[in-house]
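Structure first, commentary second.
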Amino acid sequence: MAALLEQMDQGVIMVDADLSVLAINGPLYALFGESHDLLPGASFVDLVRFLAERGEYGPGDVEAIVARQLDSARRADPAFQEHRRPDGRVLEIRTRRSPSGGFVRTYTDITERKRAENDLAGQRELLRLTLENMGQGIVLLDRDLRFRTYNAKALELLGIPEAVMRATPTLHEVARFQVATGLLDLPLGAPEFGDDVDAKLGYLLERLERPEREFVYARPQGDGRFLEIRIVPLPDGGQVRTYTDITDRLIADEAVRQSREILKGVIDSIPALIDVRDRDRNIQLVNRYHRETYHPAGAPAAGPAEEQAAELDRHVVESGQGVPFFEESGCDGAGRRRDWLTTKMPLTDESGAVSHIVTVALDITARKRAEAELRDVQTSLIQAEKLASLAQMVAGVAHEVNTPIGVTLTAISHLGEEVARIQTLFAENRIRRADFQEFLDVAWETTRMILSNIERAGGLIQSFKQVAVDQASGERRAFDLAAYVDEVLLSLRPRLRRTKVTVETDIAPGLTVDGHPGAFAQVLSNLVINALVHAYDEGEAGRIALSAREEPAGWVTMRYDDDGRGIPDAIRDRVFDPFFTTRRGEGASGLGLSICRNIMTGTMQGSIAMESGPGRGTRFLLRFPLRVTGVSGYPPPHG
């Protein structure tokens with residue numbers, strides 16, 4: 001018995017009901033890579049524990065693994081299983097219970113067989129994926145012309161349901177189904193068979209059932225498509241048939257012709273100059289708009305800016321790159337001045353070389369005229385806005401000056417009454433020392449009050465005069481930024497006094513700007529007034545902060561912050577647009593921030609941008625040079 005076990009190719013272990021090992025052969029030791037004297041006299045439990053501790057059954061609690069293995073062995077369940085060893089080899093394990101309550105277990109190395117099966121499965125899957133991803137339908141017929149293999153594309157092109165093909169029909173049965181359902185038409189030139197399905201079927205199969213050699217033909221389908229069918233006879237009498245939809249190929253010439261006609265019609269209907277030239281700038285095609293603009297009665301003529309166009313055409317040919325839209329001017333065929341928005345694009349051949357240059361020019365004459373008119377209107381509106389702002393400031397300052405003037409008039413009236421009283425006493429020779437002392441006290445207090453209020457009124461008038469002159473004249477001069485900001489805010493005091501909004505400044509004195517103070521005053525006034533109108537509800541308290549520093553050198557960076565309601569994200573990109581306002585019906589013109597941007601980028605030669613401030617509110621960042629030059633510029637980014 002032992003000699004017989006040793007001659008077997010399989011590993012064998014025999015175990016009694018008490019799980020004592022009755023026999024174990026050498027091939028089993030070899031399968032697990034152990035010597036014959038492994039654990040002499042050991043029980044099956046000892047063997048399983050030894051293998052579990054060595055990691056034969058994978059990670060986990062050893063005792064739990066041993067318990068599972070013993071339970072499976074006792075019940076011989078499953079009777080057949082595959083075990084993958086840590087070294088990657090695969091063992092087939094078969095367990096059979098013995099009449100005495102023990103079991104016999106055999107171990108067979110099936111690694112090579114599994115590898116072969118996996119390779120075969122992979123090849124089959126690759127074949128399946130190849131067939132399913134082919135652009136053609138393909139079927140395999142056996143010697144009886146019965147459908148054995150097919151892909152989804154074949155079902156789609158033939159119009160055969162999956163249920164029909166699963167029954168492995170014959171070519172005759174599939175053809176009958178197609179003819180009966182109208183999926184298959186007879187070729188051109190075939191006899192007229194009416195509704196006789198058998199006659200139609202016989203006509204087709206007589207010619208196409210079993211060709212002697214490879215055969216290709218095209219046939220119409222009932223849905224209007226055309227299929228190219230290739231029949232390849234096999235040595236065993238079977239066939240491989242491929243089906244290709246050639247509908248597009250058959251109608252390609254007609255489609256190309258129609259496309260050319262449509263393209264020509266589209267090009268002729270486009271209200272823009274279009275011309276196509278070869279590499280040598282010979283005109284190959286111009287559209288109707290081009291012909292009507294430049295040569296209504298003759299041969300093709302040059303388009304706008306011919307010299308520049310020739311240079312750009314050479315650039316397109318040499319670089320292979322198009323030319324983005326650019327503006328140019330020229331005279332049309334009637335000698336009228338026209339403005340164009342032009343672009344050039346290359347057309348390449350199969351080798352990638354530029355073969356043609358396409359030029360498209362949009363007529364923007366009317367737009368340019370409208371832009372010029374709009375600029376004039378905007379200039380007028382901006383001037384009107386400046387005058388309106390000045391008028392509001394005049395009214396505010398007049399109201400502000402009225403208080404000290406009123407106090408001064410009252411004081412002068414009171415002083416006049418006292419002078420009249422002391423004169424009467426003096427004339428009647430009734431004046432006493434106490435009366436004269438009282439008169440001197442009243443005169444001193446009144447004079448001090450008059451002087452204080454006159455100085456206050458003078459300061460207001462001087463501040464108003466400087467700001468007003470600056471805004472009206474727009475002249476350039478040097479000014480201290482901190483002091484000038486205070487003067488502008490002083491002129492805005494009447495407007496601010498009617499609100500609960502305070503303005504705080506953080507500008508170091510001595511920061512002198514050589515520029516246009518009037519333009520700067522208008523920017524600052526517009527920002528503050530814009531906040532009072534849009535950022536706060538009536539009676540709501542708020543805070544506006546203005547700070548400025550020289551950074552980088554030679555440039556002023558000024559920050560405006562308020563803690564108002566902020567600007568919604570949906571309109572942040574439009575706040576600088578002319579005439580854009582969210583309070584159109586409440587008197588707002590929508591020019592405030594637009595004027596600020598125009599002044600900052602033009603007169604002040606700087607910039608203004610809106611930034612995302614911390615939390616609630618709005619922040620504007622202003623940058624402008626300490627000394628205005630003749631060239632506009634913007635400082636490089638800095639940390």
Side-chain angles (χ1 to χ4, degrees), residues 387-473 475 477-513 517-518 520-522 524-525 528-529 532 543-546 548:
L387 293 176
S389 175
L390 191 60
Q392 290 181 358
M393 186 171 61
V394 169
V397 171
H399 177 77
E400 191 74 8
V401 170
N402 186 59
T403 299
I405 295 298
V407 172
T408 300
L409 290 175
T410 301
I412 291 175
S413 298
H414 180 60
L415 181 60
E417 291 174 356
E418 287 299 313
V419 169
R421 184 180 69 82
I422 203 69
Q423 283 180 335
T424 301
L425 291 175
F426 179 77
E428 295 175 356
N429 200 20
R430 291 188 301 112
I431 188 169
R432 297 174 303 168
R433 181 181 180 87
D435 293 330
F436 189 69
Q437 184 62 46
E438 180 182 355
F439 169 74
L440 290 178
D441 291 342
V442 170
W444 170 252
E445 182 65 26
T446 304
T447 301
R448 190 172 58 83
M449 183 182 299
I450 292 172
L451 181 61
S452 173
N453 281 274
I454 288 298
E455 287 177 347
R456 180 183 174 193
L460 288 171
I461 293 173
Q462 181 62 31
S463 174
F464 159 72
K465 177 182 177 183
Q466 185 63 66
V467 175
V469 169
D470 286 337
Q471 289 198 25
S473 67
E475 292 182 357
R477 68 178 178 85
F479 60 95
D480 183 279
L481 184 62
Y484 197 74
V485 168
D486 289 340
E487 290 183 358
V488 174
L489 294 178
L490 183 63
S491 68
L492 294 174
R493 187 188 299 173
R495 184 70 177 267
L496 289 167
R497 185 172 292 168
R498 298 197 298 269
T499 71
K500 294 183 179 180
V501 178
T502 60
V503 181
E504 300 176 2
T505 61
D506 179 17
I507 305 173
L511 184 58
T512 303
V513 177
F520 174 75
Q522 189 169 5
L524 191 58
S525 298
V528 173
I529 293 174
L532 298 180
R543 172 182 171 274
I544 297 174
L546 299 170

Scanning both residues in full, the closest heavy-atom pair of Ala548 with Leu481 reads CB-CD2, 3.8 Å

More than 12 heavy atoms of other residues, nucleotides or ligands under 6.0 Å from CZ of Arg433: is that the case? no

Taken in chain and number order and not counting sequence neighbours, the residues that satisfy side chain to side chain donor-acceptor pair (under 3.5 Å) with Glu417 are none

Between the OG1 atom in Thr410 and the CD1 atom in Ile450, the distance rounded to the nearest 0.5 Å is 10.0 Å

Sorted by chain and residue number, the salt bridge (charged side-chain N to carboxylate O under 4.0 Å, His left out) partners of Asp435 (sequence neighbours excluded) come out as Arg432

When every non-hydrogen atom of Tyr484 is compared with those of Arg477, the smallest separation belongs to CE1-NH2, 3.4 Å

Test item: Phe436 and Leu425 side chains (from C-beta on) under 4.5 Å apart, heavy atoms: no

Which of Val528, Thr502, Ile529 passes side chain to side chain contact (heavy atoms under 4.5 Å, CB included) with Leu496? Answer is Val528

The side chain to side chain contact (heavy atoms under 4.5 Å, CB included) partner of Thr408 among Leu451, Ile454, Thr446 is Ile454

Interatomic distance, OG1@Thr499 vs CD1@Ile544, rounded to 0.5 Å, equals 8.0 Å

Is it true that a side-chain atom of Asp480 and a backbone atom of Gly510 form a donor plus acceptor pair closer than 3.5 Å? yes

Nearest heavy-atom contact between Val488 and Ala521 is CG2-CB, 3.7 Å

Taking the side chain as every heavy atom from C-beta outward, state whether Arg421 and Thr424 have any atom pair closer than 4.5 Å.
no

Exercise. Answer yes or no: is there a side-chain heavy-atom contact under 4.5 Å between Leu492 and Leu532?
Key: no

Ala482 and Ala508 have their tightest heavy-atom pair at CB-O, 4.0 Å

By salt bridge (charged side-chain N to carboxylate O under 4.0 Å, His left out), Asp506 pairs with (sequence neighbours left out) Arg549

Go through the steps to decide whether Asp441 and Glu438 satisfy the test side-chain contact (heavy atoms from CB on, under 4.5 Å), and finish with yes or no. CA-CA 5 Å; Asp441 291 342; Glu438 180 182 355; 5.6 Å; no

